[in-house]
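FYI, the numbering just counts along the sequence from 1. Values below: all heavy atoms of this structure, side chains included; hydrogens, waters and symmetry mates excluded.
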Amino acid sequence: MQPQFLLEADILKNLKHPGIPTIYDVEEDNESFYIIEEYIQGQSLEAFVLHQDCISIDTAVHITLQICDVIRYLHERKPEPIIYQDLKPEHIILCGKRIVLIDFGISSFITSSGNAFQNFGTEGFAPPEKYQGMSSDARTDIYGMGKVLEFMASRVLKEEFQILRPFIQKATAYSREDRYSSIEEFMSELSQIIKNGYQNHQHIKTKHLLKEIAVAGTQPRVGTTHLAIALTCFCSQYYGPCIYQEYHKSDCIRLLAKQDAGYMRKDGLVIYEKFRGMPYYGEGIAQWDRAERLYIQDYGIQIQDILEEDKRLIVVMGSRPWECGRTRNLLEKISLRRNLVLICNYGDSIQAKNLARTYHHRVYCFPLDADPFRMTREKRKWFEKLLRQEGW
């Protein structure tokens, strides 16, 4: 009888897809069989999700669609389609922007009579028919995809989970007849979330009294972008959809799209973990989608661009000795401005108190922070206090 791992090699050897490991050779000697296979370096989807406090709906959908593309390739194989049968997070490896499906141990070819493979897969991810000894078909993998999406959805915001719920319910319906008829249909419907954003999904009813918050700094390298990103992540996690908008030519947000956990959507929005940001596109940014969201606008050091506008403005001030001169010069001009929040960076509470006494204006002290994308308990409480005290 052919060893199980050789059955896997037999399936993989003729498959050519970036989401499937490559089999280079199969050898044997008097004692053993050897499979020479591509080395896949990365972390499992299971590990990735369990180490995240929150992931964005876009990340969950983007990963799901990549896995679906691998499954679609298998289902469309000629002359005999292949069914994977054991979809679960630990079999999905994230290698930068590439998603790889591993462990084809119980995969099999679908013949005209179906397939009644006796291995039931993994409890919690295998469909009901697997436990009933029924034949498998494409809808077996659709059920698995729904369970994988459900696993990721456990880490998205409550409001965003409501958007994903109908897709999960249909993909994981108890009866095969009630599921999506093909992986292509599942992909087509799910991709509308990325294509249309929230425009055609009425599950989110969050309304923001705030539409825009502008953030600017007194000079370079005082942490303006750092604070704007952190504020965006906070608002997205606790108050609903929030978009960071880059209003200066730093290219920070485009660089995020090149990181392992980042990518750029077709509409130009950059997704990085639970953060969403729009790079600087010149004047054209004004015509970008103005949906019911809060926008955090990062002006860098271009503070003069917004002084005449009646926007809510956060000014990040340097508190080191060589920065204080420029800070004081600016405060002489703007300290009486309406809707103004002053923030001292680097955790310098002494300088914050001195400025507050001098200019008779509340000055906040942003805590020392290494990662603007990670929402710590200290930062959460700090942002909550700021928004509450300012009546925002």
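Electrostatic pairing of Lys170 and Glu185 counts as a salt bridge here, judged by a charged N lying under 4.0 Å from a carboxylate O. Contact check on Glu129 versus Arg139 returns no salt bridge, with no Lys/Arg side-chain nitrogen under 4.0 Å from an Asp/Glu carboxylate oxygen. Salt-bridge formation is detected for the pair Arg380/Glu384: a Lys NZ or Arg NE/NH1/NH2 atom is positioned less than 4.0 Å from an Asp or Glu carboxylate oxygen.
There is a side-chain donor-acceptor pair under 3.5 Å between Asp298 and Tyr244. For the 3.5 Å distance criterion, the side chains of Gln389 and Tyr364 qualify, holding a donor opposite an acceptor.
Environment of CD in Glu177: crowded, with over 12 heavy atoms of neighbouring residues, nucleotides or ligands closer than 6.0 Å. A 6.0 Å sphere centred on CZ of Arg374 holds no more than 12 heavy atoms belonging to other residues, nucleotides or ligands.
A side chain to side chain contact (heavy atoms under 4.5 Å, CB included) with Leu101 is found for exactly one of Asp86, Leu87, Ile93, namely Leu87.
Partners of Phe373 by side-chain contact (heavy atoms from CB on, under 4.5 Å), not counting sequence neighbours, listed by chain and number: Ile229, Cys233, Leu256, Tyr272, Glu273, Phe275, Asp371. Remark: Ser188 pairs with no residue by the side-chain contact (heavy atoms from CB on, under 4.5 Å) rule, at least two apart or across chains. The side-chain contact (heavy atoms from CB on, under 4.5 Å) test applied to Glu76 returns Arg72, Glu184, not counting sequence neighbours. Remark: Glu90 engages Lys88 in a salt bridge (Lys or Arg N to Asp or Glu O under 4.0 Å) (not counting sequence neighbours). Glu378 meets the side-chain hydrogen bond (donor to acceptor under 3.5 Å, both in side chains) test with no other residue; sequence neighbours excluded. Applying the side-chain hydrogen bond (donor to acceptor under 3.5 Å, both in side chains) rule to Thr224 yields no partners; only residues at least two apart in sequence or on another chain are considered.
Using cut-offs of 30° and 60° for the angle between ring planes, the Phe366 and His226 rings count as perpendicular. Using bins of under 30°, 30° to 60° and over 60° for the plane-to-plane angle, the ring pair His91/Tyr84 lands in the perpendicular bin.
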key: Ile82/Leu15 under side-chain contact (heavy atoms from CB on, under 4.5 Å): CA gap, chis, key distance, verdict   = CA-CA 10 Å; Ile82 296 171; Leu15 300 181; 3.9 Å; yes

query = Stepwise, does the side chain to side chain donor-acceptor pair (under 3.5 Å) test hold for Glu246 with Ser250?
reply = CA-CA 8 Å; Glu246 190 176 55; Ser250 73; 2.7 Å; yes

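Gln351 contributes no side-chain N or O that, together with a main-chain N or O of Cys344, makes up a donor-acceptor pair within less than 3.5 Å. Remark: side-chain polar atoms of His62 are not paired, donor with acceptor, to backbone N or O of Asp58 under 3.5 angstrom. Judged by distance alone, the side chain of Arg176 and the main-chain N or O of Tyr143 form no donor-acceptor pair under 3.5 Å.
The two residues Lys16 and Tyr73 make their nearest non-hydrogen contact at N-OH, 2.9 Å. Scanning both residues, Ile20 and Arg98, for their nearest heavy atoms gives O-NH2, 4.3 Å. Across every non-hydrogen atom of Leu45 and Met152, the tightest pair is CD1-SD, 3.9 Å. Nearest heavy-atom pair across Ala60 and Ile55 is CB-CD1, 4.4 Å. When every heavy atom of Val270 is checked against every heavy atom of Pro279, the shortest pair comes out as CG2-CG, 3.8 Å. Closest approach of Pro128 to Arg179, counting heavy atoms only: CD-NH2, 3.6 Å.
Aromatic ring centres of Tyr299 and His248 lie farther apart than the 6.0 Å criterion allows.
Summarising the geometry, atom CD1 belonging to Ile57 is positioned 9.0 Å from atom CG belonging to Leu157; distances are rounded to the nearest 0.5 Å. In this structure, CG in Leu149 is found 4.0 Å from OG1 in Thr64, a value given to the nearest 0.5 Å.
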